[in-house]
Amino acid sequence: MISHARQNPQEQPDIAPPADDYIAPAPRVSVQAFCETAETGAAVRSAGEDRRLGKAHLSVQMGGVAAAIEAYRTVPTPNVIILETEGRSDILAGLDQLATVCDAGTRVVVIGSDNDVAPYRELVRRGVSDYVVGPVDTLDVVRSICGLFSASEAITVGRIIAIVGAKGGVGSSTVAHNVAWAIARDVALDSVVIDLDLAFGTAGLDYNQDPLQGIANAVFSPDRLDTAVMERLLAKCTDHLSLLSAPASLERVYDFGDDAFDSIFDTLRMTTPCIVLDVPHQWSGWTKRALVGADDILIVAEPDLANLRNTKNMLNILKASRPNDRPPLYCLNQVGMPKRPEITAREFAKTIESQPIAAIPFDSRMFGAAANNGQMIAEINAKHRTTEMFLQIAQRLTGRGETKKPRASFLSPIIKKLRAKTAGGS
Ligand SMILES: Nc1ncnc2c1ncn2[C@@H]1O[C@H](COP(=O)(O)OP(=O)(O)OP(=O)(O)O)[C@@H](O)[C@H]1O
Ligand SMILES: [Mg+2]
């Protein structure tokens, strides 16, 4: 694949990237880069820090293709070799020589420069997997490496959306469940909700599902996990929505290592386009890892001082840990609770330095009914403003609009006639 580096690399837009610019994380692979310029070396090194290459082992050295040939005379080649060519070396001759020491299965990425565009056909003939025209930035390198694996090995590469509260009890699970419902029903993406609050999670209640031990079975026997096992652990809520529910039993305690959920997420990603994590309000190794590793994050906050402080702190640390991602989004919930002094959305946004993507009104009657009946807000009142808000959040998080039948344009009768004519004429 040939690709050009983007023009404005530093800016991470605040809107969801289009679905085709989605970068799936790379598996546990080794990547060695041989650069010719310090700039490319720096871009590759910083790509190695990106969350999507968190599992990969990446090393960078200088010297281009000549250094690579020299290095692999004695040691086996890694899964991926990145070669930069600035035109100082003959890349085609270099690749021929490299081929004599390259193990089968090693993929080669070439980073070229504008004034040295090697003939693409010749590169392909030599088995080059990707060719990027520089100058490259961090994300170009991440995209190229991840692209080598997402296209061939994974069946689907699901996006992970993590939803977490800025404080306990703010309604983050309620928002997670309603947003996931909208993603599945209105955006029509097959989705799974994972209830990560093993002791007290309410997803099973909210979706009115019989108790199932989904997440507990998965996390306590990670070696058994594959897509078939995972499928059996899911409770089906609607056509497009399934749930990996929490046991909500206190027989055991739930202390997890940082990477306890990695294999669950990886397995689900292979079959499910959208995974919504209901992350409990905790700051532990595994909750932080789930947030940092997610494709998108939504923080749910109530409009008070402690929520404001926590939201700011969470945004700061998450932004710093994800320098190549769009910043986490946040929404306000339970806004306008009678008699409660509140910080206005405007003040909140001013301090946080970004706007909430929604301000969901407090409505104890409607939310209480939904919680007690095991229903979604959309089922209680499909036309309510809050239902519309959950849909908007769903669209914002997935970067997709509602999948409604397109409205007929005023030209459609004419187009129909033309089509009928051509069909008849041929
Ligand atoms: N906008 C709202 N108006 C009124 N009640 C709400 C609203 N949003 C959520 N609630 C209610 O607040 C309660 C707490 O919600 P939820 O369990 O989703 O919070 P949480 O942030 O996930 O809590 P925890 O910290 O326990 O995980 C529930 O009873 C829910 O129905
Ligand atoms: Mg919760």
Side-chain angles (χ1 to χ4, degrees), residues 161-182 193-209 214-216 237 243-250 254 256 261 275-284 286-288 290-291 294 297-304 306-311 314 328-340 342-345 348 356-381 384-394:
I161 296 169
I163 302 186
V164 67
K167 246 181 79 174
V170 295
S172 77
S173 297
T174 307
V175 170
H177 305 158
N178 280 282
V179 168
W181 168 278
V193 173
I194 307 186
D195 190 341
L196 289 169
D197 187 351
L198 276 84
F200 304 114
T202 51
L205 298 178
D206 286 359
Y207 291 125
N208 199 15
Q209 292 293 314
I215 186 72
C237 303
L243 168 66
L244 197 55
S245 62
S249 91
L250 305 179
Y254 303 104
F256 298 113
F261 293 92
I275 298 156
V276 176
L277 305 183
D278 176 359
V279 182
H281 174 72
Q282 298 171 15
W283 195 246
S284 57
W286 69 268
T287 51
K288 183 180 175 199
L291 294 171
I297 303 168
L298 177 68
I299 299 170
V300 180
E302 277 186 45
D304 68 20
N307 274 280
L308 177 62
R309 180 202 62 187
N310 296 356
T311 305
M314 290 164 89
L329 304 170
Y330 78 98
C331 72
L332 295 173
N333 188 29
Q334 315 212 21
V335 175
M337 189 187 283
K339 298 200 174 147
R340 177 174 70 176
E342 292 182 356
I343 298 176
T344 63
F348 210 98
I357 61 166
I360 304 166
F362 175 79
D363 188 336
S364 53
R365 184 192 291 247
M366 187 167 64
F367 279 84
N372 285 343
N373 299 344
Q375 285 182 306
M376 293 295 108
I377 298 300
E379 294 175 292
I380 302 263
N381 188 342
H384 201 275
R385 190 156 68 95
T386 301
T387 301
E388 182 59 30
M389 282 185 184
F390 286 131
L391 173 59
Q392 282 164 3
I393 298 174

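First listed ligand is number 1; within each ligand, the first listed atom is number 1. Note that the coordinates shown come from a computational prediction; the quantities given were computed from them, not determined experimentally.
Proximity of Pro361 to ligand 1, defined as any heavy-atom pair under 4.0 Å, is confined to the backbone N, CA, C and O atoms. Contact annotation: for Asn333 versus ligand 1, heavy atoms closer than 4.0 Å belong to the side chain alone. Only the backbone of Asp363 comes within 4.0 Å of ligand 1, judged by heavy-atom distances.
Note: an N/O pair closer than 3.5 Å links Gly169 and ligand 1 by distance alone. Residue contacts with ligand 1: Gly171 is placed with a nitrogen or oxygen under 3.5 Å of a nitrogen or oxygen of the ligand (distance criterion only). Between Lys167 and ligand 1, not a single N/O pair is under 3.5 Å apart. Note: no N/O pair closer than 3.5 Å links Phe362 and ligand 1 by distance alone. Between Thr202 and ligand 1, not a single N/O pair is under 3.5 Å apart.
A distance-only check finds a donor-acceptor pair linking the side chain of Asp195 to the backbone of Thr202 [under 3.5 Å]. Between the side chain of Thr387 and the main chain of Asn381, a donor-acceptor pair closer than 3.5 Å is present. Under a 3.5 Å cut-off, the side chain of Tyr254 and the backbone N or O of Ala216 do not form any donor-acceptor pair. Here the side chain of Asn208 pairs no donor or acceptor atom with the backbone of Gly374 at under 3.5 angstrom.
Near Gly168, meaning under 4.0 Å from any of its heavy atoms, are these atoms of ligand 1: 25 (O). Within ligand 1, the atoms closer than 4.0 Å to a non-hydrogen atom of Ser173 are 18 (O), 20 (P), 22 (O), 27 (O), numbered from 1 in the order shown.
Residue side and main chain included, Ser173 places an N/O/S atom under 2.8 Å of the Mg ion (ligand 2).
Between Trp286 and Phe256, the ring planes lie perpendicular to each other; the angle is over 60°, past the 30° to 60° tilted range.
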